[in-house]
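Quick caveat: nothing in here was measured; it's all calculated off a predicted structure. What you see below is based on every heavy atom in this structure, not just the backbone, and it leaves out hydrogens, waters and symmetry mates. Note on naming: letters A, B, ... go to the chains in the order of the sequence lines (proteins, then strands), and numbering restarts at 1 for each one.
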Protein chains: 2
Amino acid sequence: MYLEERRQAILNLIANHGRVSVSDLSARFDVSEVTIRADLQALAERGLLVRTYGGAISTTYSLQELSLLQRRQQHIPEKQRIGAAGAALIADGEAVFLDSSSTALAVAQHLKSRRDLTLVTNSLVIAQEMLGLTEITVVMPGGTLHHDTVSLIGPDGLAFLEKYHIRKGFFGAYGLSLDAGLTDGSAPESEIKRALVELCHTVIVVADATKWGRVGVTSYASLADVDTVITDDQAPSDLVAQVRAAGVEVVIV
Amino acid sequence: MYLEERRQAILNLIANHGRVSVSDLSARFDVSEVTIRADLQALAERGLLVRTYGGAISTTYSLQELSLLQRRQQHIPEKQRIGAAGAALIADGEAVFLDSSSTALAVAQHLKSRRDLTLVTNSLVIAQEMLGLTEITVVMPGGTLHHDTVSLIGPDGLAFLEKYHIRKGFFGAYGLSLDAGLTDGSAPESEIKRALVELCHTVIVVADATKWGRVGVTSYASLADVDTVITDDQAPSDLVAQVRAAGVEVVIV
DNA sequence: GTTTACTTTCGATTTCTTTCATTGTAAAAC
DNA sequence: GTTTTACAATGAAAGAAATCGAAAGTAAAC
């Protein structure tokens with residue numbers, strides 16, 4: 001039996017039983033456990049199964065996709081620094097837009113002590129965060145609730161937003177690259193962002209180092225649309241230099 | 001059973017029951033309580049559950065804790081009965097409006113197991129409550145966040161809502177009386193309700209016994225606009241009789 | 001005969017889990 | 001309101017199993 005046959009057989013077993021153990025596979029295919037481990041590692045790297053201690057399980061039974069609640073808890077110190085830097089760009093009396101990314105939420109969290117601010121957002125989480133802060137006016141566009149981003153999405157929201165003169169818009173992104181510009185994971189989410197990039201006088205991208213060079217499903221802006229990028233000190237310096245050469249201000253915190 | 005499988009099973013249990021206990025999990029999976037605690041800690045660090053003394057609860061359940069409205073809600077069996085009766089009036093596939101009252105929230109809570117529903121609401125609390133229920137479409141009008149009612153209010157939201165064909169609207173009220181009809185505490189809140197009473201084919205008022213005979217600052221509908229009132233068995237029978245005589249169906253639960 | 005891809009052996013390490021003693025906590029009983 | 005009381009959490013230590021790294025073995029391919 002060849003390596004590829006064995007690995008295919010392992011995948012079949014997982015498809016049928018949901019789980020396999022290293023010792024069982026070793027006995028079944030009459031190879032050492034080390035070999036089986038190499039198989040499982042290779043298959044796991046291709047995302048075909050999830051490795052566990054002692055075996056492997058089907059990807060469908062593995063831990064759930066990251067929700068906003070979980071994304072919120074990733075890269076916390078970086079996001080907080082980025083959030084503080086973003087909030088520092090906002091003057092009292094301004095109207096700003098914040099999108100439904102977890103980094104934009106970090107910006108919002110640093111606005112809590114501010115007064116006389118109009119905050120436009122389609123993120124329910126940001127709205128919730130601002131509850132009780134009566135000095136801050138929170139405006140939301142209408143739309144349909146998207147469960148994964150906890151935000152309101154829809155064409156009617158855009159018409160609503162056009163009435164506002166929004167000075168600055170803060171946008172998160174799934175990825176930030178020279179060719180694809182700013183990219184996101186879902187198309188409808190992208191659409192509302194695309195319209196808002198047009199609408200905002202100043203476009204500020206808040207993105208931690210992990211976003212650099214990554215490309216998502218849909219683009220919502222090119223780098224030419226962007227005025228400022230706020231990122232952390234782990235951002236790859238070659239990419240930062242290239243983006244700066246493209247005329248974008250890059251703030252590193 | 002592998003570690004990942006056990007942890008996934010714990011998450012499933014929490015998703016179904018809302019809560020788990022360390023001792024139950026220890027017995028169920030036949031591992032020590034120390035191991036379960038390590039599992040819960042790991043899952044809590046990833047934001048997949050919220051740790052409590054003796055067990056853990058769902059993250060969405062703990063978000064509810066944030067809302068005073070909801071906490072108040074949980075201790076009032078009358079509102080729950082009214083909510084259940086209201087939910088029973090809603091057929092699958094319908095589009096319904098729920099306002100930002102705590103009684104309308106009780107209706108929403110009884111819709112959680114339903115499928116193929118469109119729920120229009122200006123209440124952030126209701127939207128939050130429906131998070132993760134992907135079978136239910138939640139639509140919100142645009143507007144400005146009102147901190148006291150945790151709802152979106154504004155003239156633009158109305159134009160947005162006119163596009164929807166909403167069969168049934170559920171309205172709470174500060175007061176319900178023969179002369180003043182349905183009254184509320186704040187004028188802008190009233191305005192959006194007034195428009196929606198016009199819009200909805202069927203107007204259903206959900207109001208516990210304390211609301212009868214009370215009059216608030218502004219009226220948003222007369223009894224002639226109302227099709228059904230759902231209330232509890234403490235409602236004053238003389239008023240109930242008069243309202244029935246005015247042609248309104250009164251459901252007592 | 002050498003190269004290449006795959007596999008094995010064998011310690012050293014790591015991971016997972018348990019036990020036990022100690023400290024901490026919530027809520028009932030006073 | 002405080003004191004009990006029963007239960008829960010934590011830290012340290014230890015054992016069993018799984019994993020990893022590196023070197024060595026095997027067999028087909030060039």
Give every pair of a protein N or O atom and an N or O atom of nucleotides 17-22 of chain C that lie under 3.5 Å apart, one pair per line with the distance.
residue: C:dT17; atom: OP1; partner: B:Arg6; partner atom: NH1; Å: 2.8
residue: C:dT17; atom: OP1; partner: B:Arg6; partner atom: NH2; Å: 3.4
residue: C:dT17; atom: OP2; partner: B:Arg6; partner atom: NH2; Å: 2.9
residue: C:dT18; atom: OP1; partner: B:Ser32; partner atom: N; Å: 3.1
residue: C:dT18; atom: OP2; partner: B:Ser32; partner atom: N; Å: 2.7
residue: C:dT18; atom: OP2; partner: B:Ser32; partner atom: OG; Å: 2.8
residue: C:dT18; atom: OP2; partner: B:Thr35; partner atom: OG1; Å: 2.4

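- Using modelled atom types, no side-chain atom of A:Arg28 and backbone atom of A:Ser23 make a donor-acceptor pair closer than 3.5 Å.
- As rounded to whole Å, 19 Å separates atom P of C:dC16 from atom CZ of B:Arg37.
- The only member of A:Leu3, A:Asp39, A:Ile36 that meets side chain to side chain contact (heavy atoms under 4.5 Å, CB included) when paired with A:Val31 is A:Ile36.
- Separation of atoms OG (A:Ser237) and CH2 (A:Trp212) is listed at 10.5 Å; rounding is to 0.5 Å.
- Ion pairing between a basic and an acidic side chain is recognised when a charged N comes within 4.0 Å of a carboxylate O; A:Arg51 and B:Glu4 show no such pairing.
- With D:dT19, C:dT25, D:dT10 as the candidates, the nucleotide lying closest to the side chain of B:Tyr53 is C:dT25.
- Among the heavy atoms of the strands, none lies under 4.0 Å from B:Ser21.
- Taking CG of B:Leu152 as the start and CD1 of B:Ile192 as the end, the distance is 8.0 Å to the nearest 0.5 Å.
- Between A:Asp24 atom CG and D:dA18 atom P there is a gap of 11 Å when expressed in whole angstrom units.
- The separation between A:Phe29 atom CZ and C:dC6 atom C1' is 16 Å, rounded to whole Å.
- Heavy atoms of B:Ser26 sit nowhere under 4.0 angstrom from any nucleic acid atom.
- In this structure, CG in B:Asp99 is found 7.0 Å from CD1 in B:Ile126, a value given to the nearest 0.5 Å.
- Straight-line distance from the CD atom of A:Gln41 to the C1' atom of C:dC6: 15 Å, rounded to whole Å.
- Residues B:Leu145 and A:Leu131 have side chains in contact (heavy-atom distance under 4.5 Å, counting atoms from C-beta outward).
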N/O contacts under 3.5 Å, protein versus nucleotides 23-25 of chain D?
none

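- When atom types are taken as modelled, the side chain of A:Asp184 and the backbone of A:Ser190 share no donor-acceptor pair closer than 3.5 angstrom.
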